[in-house]
Peer 1: 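Supplied in structure tokens, the structure appears directly below.
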Amino acid sequence: MRNFKEEESLNTLNHSCAHVMAQAVKHLYPQAKFWVGPVVEEGFYYDIDLGDVTITDDDLPKIEKEMKKICKDGKRIVRREVSKEEALEMFKDDEYKLDLISNLEDGSISVYSQGDFTDLCRGPHMDTVKKCRFHKLIKHSGAYWKGDKNNKVLQRIYGVCFPTKEELDEHLEALEEAKQRDHRKLGRELGIFMFADLVGRGLPMWLPNGFIVRRLLSDYITDKEISLGYQHVMTPSLGNVNLYKTSGHWAHYKDDMFPAMEVEDEAYVLRPMNCPHHMMIYRNSLHSYRDLPVRLAEIANDFRFEASGALTGIERTRAFTQNDSHIFCRPDQIKEEFKGVAKLILDVYKDFGFENYSFRLSLRDKNDTEKYFGNDELWERSEAELREVLNEMGVDYYEAEGEAAFYGPKLDVQVRSAIGHDVTLSTIQLDYQLPERFELTYVDRDGQKVRPVVIHRAILGSLDRFVAFLLEETKGNLPLWLAPTQVKVVPVNPDLHDDYSQEVNSLLLANGIRSSVDNRDEKLGYRIREAQVKKIPFQLVMGDKEKENGTVTYRRFGERKQTTVTQEEFLTLLKEEIKNKTIK
RNA sequence: GCCGAUUUAGCUCAGUAGGUAGAGCGCAACAAUGGUAAUGUUGAGGUCAUCAGUUCGAUUCUGGUAAUCGGCACCA
């Protein structure tokens, strides 16, 4: 997928196309007032105030038609520099432009004109609107002015523009293809998960195939954690409201939790995260500085009352399972522990063959003292610490203000879903606040009780979201070790070859391979097709040849090549590939 | 939650300019004895999301509700 923001020539072209769209909108809706029209990774958009009018699906073709007309007319795009005073006068009836101009420096203001349309803009632009003719309006939506939900909802229209028709068509095709690997589609087709209105929205149910994948993933990460000195615990899925008042989560996220259940003068909530429970486990015993770090981990069910509009398959749900851990350590251990976690993340991503991810250093928004309360010095210190470790490790990362947790800065690992959502898969968070709130201590070298630091981390993040991403990355073609069915044994003639098929199947099952026989009364071609459609890694076709020689003939998913080997050779091949977690 | 759209069989979708519905796949039965991506025939399966309104009559028109989808906002 092309990146419109990063590719400079595409960026300029799309920026100009945004102006063409604005001009078209102005022609069709004379009352239109324009906020901003930037180029983003997936194309351009423009935020527009149309008064009481809202854009519907039927409007996009009309706007496109007008855009075509404008492009065909082929007016030149002309830049003019204006003084701030002049700009304020030019746009005196447009409160949006006045708002923009008021934040600009005199001497740095320019406007661009094309025919009857002039817009405040820094540029640069194409020399003529003619170059914008290969465009497509992709979608539209309401968008809060300045991203604030208390503000008016503007109409946002998204589009893309390319220098050639071929590139445009190619892009539109790629968008269509991406829908084919949407985890919601694959999840249904492969029997991974389901939803039901009667159960409730955002509450996924894992089907037999899905549960196999989940179980393997949690075993995988649990084993890895054990080898790295983590200790696993299990804590209840609900907790007293006071627990969350103590942690501070109640004040911040009360409205995003399922409402409290009142029983016998007490109030409980379904837990939205596991930190407070783990804090209490740490506090359950005395800790020496020698015993740190203490790494508590849990495969934990959590519940969040996510906004209805935020729910997306198993990418964002109201009931999910975190691969969570809290590392309690001394200040002098922070760097090493942090590095250890970052290394684990890289290690795990390598195992799964993930390559399209980026590290985001999530910092506080200094102006938002309501969310990011607490001591400035601690914030500065912890942000600096994370930055330092990242620089030492030499990993690429970008910084994002206002993305920190309320208790501390984070390193988030961001991935892009098939349909283009930028989501966090893994996270490492540095926290000085919860130890304070829960009055955690350890006994230091000099016998004094001092505060530990907590590193929160999730590697697979939520198993749910991880599976969503895994399905999309693999197009549902899971590696052998994770495939719900690993081998499908297909007798050529179910009457003649079922015995031998059963014999081989039993051998596979006895060796822990997830295998089954398709001895249905269907044509061979039909059963082979089904094994392919279900993306089963190995299919064995069993006929006279195999039966006589005691061999198997296998074909890997997606390949045409057939290979005949002995039963033992096949078993060894499978075992090796499973052990090595081979990625296709 | 906000803006827009969608909702017809298990899945993917037609359709009715108001007279209670179809296809393909899937499923079941029967026939067909098969060598690497769909054998044939027959059949079952739908309060047309839901609740109201208009109407002699609503799956179709109007409104409410719910869920889903695309964004926005949110994301401990």
Side-chain angles (χ1 to χ4, degrees), chain A residues 42 45 47 50 54-60 138-158 179 182 184-185 188-189 194-198 200-202 244 247-257 271-276 302 304-313 315-316 322 324 362 371 403-408 410 412 419-421 423-424 427 429 431 433-434 456 458 462 465 490-497 521-533 539-546 553-555 558-562:
Chain A
E42 66 263 38
Y45 71 77
D47 279 352
L50 294 176
T54 53
I55 294 288
T56 74
D57 293 358
D58 300 334
D59 296 323
L60 295 190
I138 302 288
K139 58 199 174 193
H140 64 91
S141 95
Y144 300 110
W145 183 47
K146 293 188 174 180
D148 185 335
K149 69 174 186 290
N150 300 310
N151 285 344
K152 176 165 185 173
V153 174
L154 304 180
Q155 301 300 306
R156 177 174 294 181
I157 304 174
Y158 289 87
K179 284 185 196 159
D182 186 319
R184 290 168 292 194
K185 181 176 154 68
R188 184 174 54 238
E189 288 170 357
M194 64 168 281
F195 289 91
D197 290 358
L198 195 55
R201 66 193 310 195
Y244 300 96
S247 70
H249 288 97
W250 187 254
H252 278 278
Y253 295 108
K254 178 178 181 295
D255 292 340
D256 302 309
M257 299 182 194
R271 69 167 167 198
M273 92 302 293
N274 323 297
C275 327
D302 293 317
R304 293 180 186 178
F305 187 63
E306 298 282 9
S308 54
L311 302 173
T312 307
E315 179 186 302
R316 190 95 178 259
Q322 274 198 64
D324 203 7
S362 302
K371 178 170 180 186
E403 295 287 349
F406 74 84
Y407 47 71
K410 308 187 282 177
D412 294 318
I419 57 166
H421 292 168
V423 294
T424 301
T427 185
Q429 313 174 353
D431 176 14
Q433 313 241 12
L434 293 189
H456 306 237
S462 96
R465 179 176 289 181
V490 187
V492 172
N493 179 334
D495 289 335
L496 300 177
H497 310 119
D521 198 10
E522 295 286 353
K523 295 277 272 191
L524 179 63
Y526 177 89
R527 287 174 286 145
I528 284 172
R529 179 177 187 276
E530 182 151 298
Q532 293 295 316
V533 168
Q539 63 179 44
L540 300 183
V541 173
M542 301 299 215
D544 291 338
K545 269 189 307 186
E546 288 76 14
T553 301
Y554 69 80
R555 179 178 147 186
E559 290 182 6
R560 302 214 73 95
K561 197 176 93 184
Q562 297 166 42

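Any value given below was found using the heavy atoms of this structure, including those in side chains, with hydrogens, waters and symmetry copies removed. We name chains A, B, ... by the order of the sequence lines, and we start the count at 1 in each one.
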Peer 1: Quick one: pull up CD1 in A:I528 and CD in A:E522 and give me the separation to the nearest 0.5 Å.
Peer 2: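 One gets 13.0 Å once the value is rounded to the nearest 0.5 Å.
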
Peer 1: Whether A:K139 engages the ring of A:Y158 as a cation-pi pair (distance to the six-membered ring centre under 6.0 angstrom, angle to the ring normal within 45°) should be assessed.
Peer 2: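 That pair qualifies as a cation-pi contact.
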
Peer 1: For the atom pair CD (A:E306) and CG (A:L311), what is the distance rounded to the nearest 0.5 Å?
Peer 2: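 The distance works out to 7.0 Å.
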
Peer 1: Reckon A:T54 has a side-chain N or O less than 4.0 Å from the OP1 or OP2 of B:G4?
Peer 2: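 So the side chain of A:T54 is within the cut-off, an N or O lying under 4.0 Å from OP1 or OP2 of B:G4.
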
Peer 1: Take atom C1' in B:G4 and the same atom in B:C25, then report the distance between them in whole Å.
Peer 2: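 It comes out at 32 Å once rounded to the nearest Å.
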
Peer 1: Heavy-atom count around A:K152 NZ within 6.0 Å, excluding the residue itself: above 12?
Peer 2: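 Yes, because the 6.0 Å sphere around NZ of A:K152 holds more than 12 heavy atoms from other groups.
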
Peer 1: Distance check, rounded to the nearest 0.5 Å: A:Q322 atom CD versus A:M273 atom CE?
Peer 2: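 A:Q322 CD to A:M273 CE: 8.5 Å, rounded to 0.5 Å.
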
Peer 1: In this structure, how many angstroms lie between the P atom of B:C3 and the CH2 atom of A:W145, rounded?
Peer 2: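 Rounded to whole Å, this separation is 19 Å.
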
Peer 1: What distance separates A:D431 CG from A:H456 NE2, expressed to the nearest 0.5 Å?
Peer 2: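 Nearest 0.5 Å value for the CG-NE2 distance: 3.5 Å.
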
Peer 1: In the 5'-to-3' direction, what one-character label does each nucleotide of nucleotides 67-76 of chain B receive under the scheme B = base within less than 4.0 Å of a protein heavy atom, S = sugar-phosphate only, - = no such atom?
Peer 2: SSSBBBBBBB

Peer 1: When all nucleic acid strands are considered with a 4.0 Å heavy-atom cut-off, which category describes A:D495: base, sugar-phosphate, or nothing?
Peer 2: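 If one applies the 4.0 Å heavy-atom cut-off, A:D495 turns out to touch a base.
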
Peer 1: Hey, does A:V492 reach any base, or is it just sugar-phosphate, or nothing, if we go heavy atoms under 4.0 Å?
Peer 2: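 Counting heavy atoms under 4.0 Å across all strands, the contact made by A:V492 includes a base.
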
Peer 1: Whole-Å distance between B:G35 C1' and A:L496 CG?
Peer 2: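 The distance from CG of A:L496 to C1' of B:G35 comes to 13 Å, rounded to the nearest Å.
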
Peer 1: Taking the C1' atom of each, how far is B:A21 from B:U47, in whole Å?
Peer 2: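 One C1' to the other, the span is 13 Å.
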
Peer 1: Regarding A:E546, tell me which of base, sugar-phosphate or nothing describes its non-hydrogen contacts under 4.0 Å with the strands shown.
Peer 2: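 Here A:E546 touches the bases of the nucleic acid.
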
Peer 1: In whole Å, what separates the P atom of B:U41 from that of B:A5?
Peer 2: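 Nearest-Å result for B:U41 against B:A5 at atom P: 44 Å.
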
Peer 1: Would you mind pulling out the nucleotide paired to B:A17, Watson-Crick or G-U wobble, both distances under 3.5 Å?
Peer 2: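 Partner of B:A17: none.
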
Peer 1: Would you mind classifying the nucleic acid contact of A:I55 as base, sugar-phosphate or nothing, using non-hydrogen atoms under 4.0 angstrom?
Peer 2: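 Answer is sugar-phosphate: A:I55 comes under 4.0 Å of backbone atoms only.
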
Peer 1: Checking all strands, does A:E530 fall into the base, sugar-phosphate, or nothing category for heavy-atom contacts under 4.0 angstrom?
Peer 2: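 Here A:E530 touches no strand at all.
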
Peer 1: Measuring from A:H497:NE2 to A:L524:CG, what's the distance to the nearest 0.5 Å?
Peer 2: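 Result: 10.5 Å between the selected atoms.
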
Peer 1: Figure out the NZ/P separation between A:K152 and B:C2, and round it to whole Å.
Peer 2: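 Distance check: A:K152 NZ to B:C2 P gives 17 Å.
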
Peer 1: Rounded to the nearest 0.5 Å, how far does OH of A:Y244 lie from OH of A:Y253?
Peer 2: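 Rounded to the nearest 0.5 Å, the OH-OH separation comes to 14.0 Å.
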
Peer 1: Taking B:U60 as the reference, what is the distance to B:A14 when you measure between their C1' atoms (whole Å, please)?
Peer 2: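 Straight-line distance between the two C1' atoms is 15 Å.
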
Peer 1: Just name whichever nucleotide pairs with B:A29, Watson-Crick or G-U, keeping both distances under 3.5 Å, else none.
Peer 2: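 Partner of B:A29: B:U41.
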
Peer 1: Say you pick atom P in B:G46 and the same atom in B:A23; how far apart are they, in whole Å?
Peer 2: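 It comes out at 15 Å once rounded to the nearest Å.
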
Peer 1: Do A:Q539 and B:U36 have a side chain to base donor-acceptor pair shorter than 3.5 Å?
Peer 2: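 Checked by distance alone, the answer is yes.
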
Peer 1: Report, one pair per line, the protein and nucleotides 38-46 of chain B atoms (nitrogen or oxygen only) whose separation is under 3.5 Å.
Peer 2:
| from | atom 1 | to | atom 2 | distance (Å) |
| --- | --- | --- | --- | --- |
| B:A38 | N7 | A:R529 | NE | 3.1 |
| B:A38 | N6 | A:R529 | NH2 | 2.3 |
| B:A38 | N1 | A:R529 | NH1 | 3.2 |
| B:A38 | N1 | A:R529 | NH2 | 3.1 |

Peer 1: Tell me the partner of B:C11, counting only Watson-Crick (N1-N3 plus N6-O4 or O6-N4) or G-U wobble (N1-O2 and O6-N3) with both under 3.5 Å; none if nothing fits.
Peer 2: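 Across any shown strand, B:C11 pairs with B:G24.
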
Peer 1: Please write out the pairs of protein N or O atoms and N or O atoms of nucleotides 12-15 of chain B separated by less than 3.5 Å, giving the distance to one decimal.
Peer 2:
| from | atom 1 | to | atom 2 | distance (Å) |
| --- | --- | --- | --- | --- |
| B:U12 | OP1 | A:R188 | NH2 | 3.0 |

Peer 1: Can you tell me, in whole Å, how much space there is between the P of B:A28 and that of B:A44?
Peer 2: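 Approximately 16 Å lies between the P atom of B:A28 and that of B:A44.
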
Peer 1: For A:D544 and B:G34, give me the distance from atom CG to atom C1', rounded to whole Å.
Peer 2: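 A:D544 atom CG is separated from B:G34 atom C1' by 11 Å.
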
Peer 1: According to the Watson-Crick and G-U wobble definitions, with both distances under 3.5 Å, which nucleotide is paired to B:C69?
Peer 2: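 Checking every strand shown, B:C69 finds its partner in B:G4, with both distances under 3.5 Å.
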
Peer 1: Please report the distance separating the P of B:G64 from the corresponding atom of B:U6, rounded so that it comes out in whole Å.
Peer 2: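 Approximately 14 Å lies between the P atom of B:G64 and that of B:U6.
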
Peer 1: For A:P491, answer base if it contacts any base atom (sugar-phosphate contacts may also be present), sugar-phosphate if it contacts only those atoms, and nothing otherwise; contact means non-hydrogen atoms under 4.0 Å.
Peer 2: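 Here A:P491 touches no strand at all.
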
Peer 1: Within the distance-only criterion (no hydrogens, no angle test), does the side chain of A:R184 pair as donor or acceptor with the backbone N or O of A:R188 below 3.5 angstrom?
Peer 2: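 It does not hold such a pair.
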
Peer 1: When all nucleic acid strands are considered with a 4.0 Å heavy-atom cut-off, which category describes A:S247: base, sugar-phosphate, or nothing?
Peer 2: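 The residue A:S247 makes no contact with any strand.
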
Peer 1: So A:H249 and A:L434, do their side chains get closer than 4.5 Å, heavy atoms only?
Peer 2: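 They are in contact (side-chain heavy atoms under 4.5 Å apart), so the answer is yes.
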
Peer 1: Any side-chain heavy-atom pair from A:R304 and A:D256 closer than 4.5 angstrom?
Peer 2: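 With C-beta onward as the side chain, the pair stays apart.
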
Peer 1: Does one side chain, of A:D57 or A:H140, offer a donor that lies under 3.5 Å from an acceptor on the other?
Peer 2: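 A:H140 and A:D57 do have a side-chain donor-acceptor pair below 3.5 Å.
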
Peer 1: Can any side-chain N or O of A:E315 pair as donor or acceptor with the backbone N or O of A:T312 at less than 3.5 Å?
Peer 2: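 No; judged by distance alone, with no hydrogens or angles, the pair does not exist.
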
Peer 1: Side chains of A:F305 and A:M257, heavy atoms from C-beta outward: is any pair under 4.5 Å?
Peer 2: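 Answer no - side chains too far apart.
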
Peer 1: Over all strands shown, is A:I528 touching base, sugar-phosphate only, or nothing at heavy-atom distances under 4.0 angstrom?
Peer 2: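 The answer is base, as A:I528 lies within the cut-off (heavy atoms under 4.0 Å) of a base atom.
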
Peer 1: Determine the Euclidean distance between corresponding P atoms of B:U20 and B:G63; express it in Å to zero decimal places.
Peer 2: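 Roughly 25 Å separates the two P atoms.
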
Peer 1: Applying the Watson-Crick and G-U wobble criteria at under 3.5 Å, what pairs with B:G63? Answer none if nothing qualifies.
Peer 2: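 The answer is B:C51, by the H-bond criterion.
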
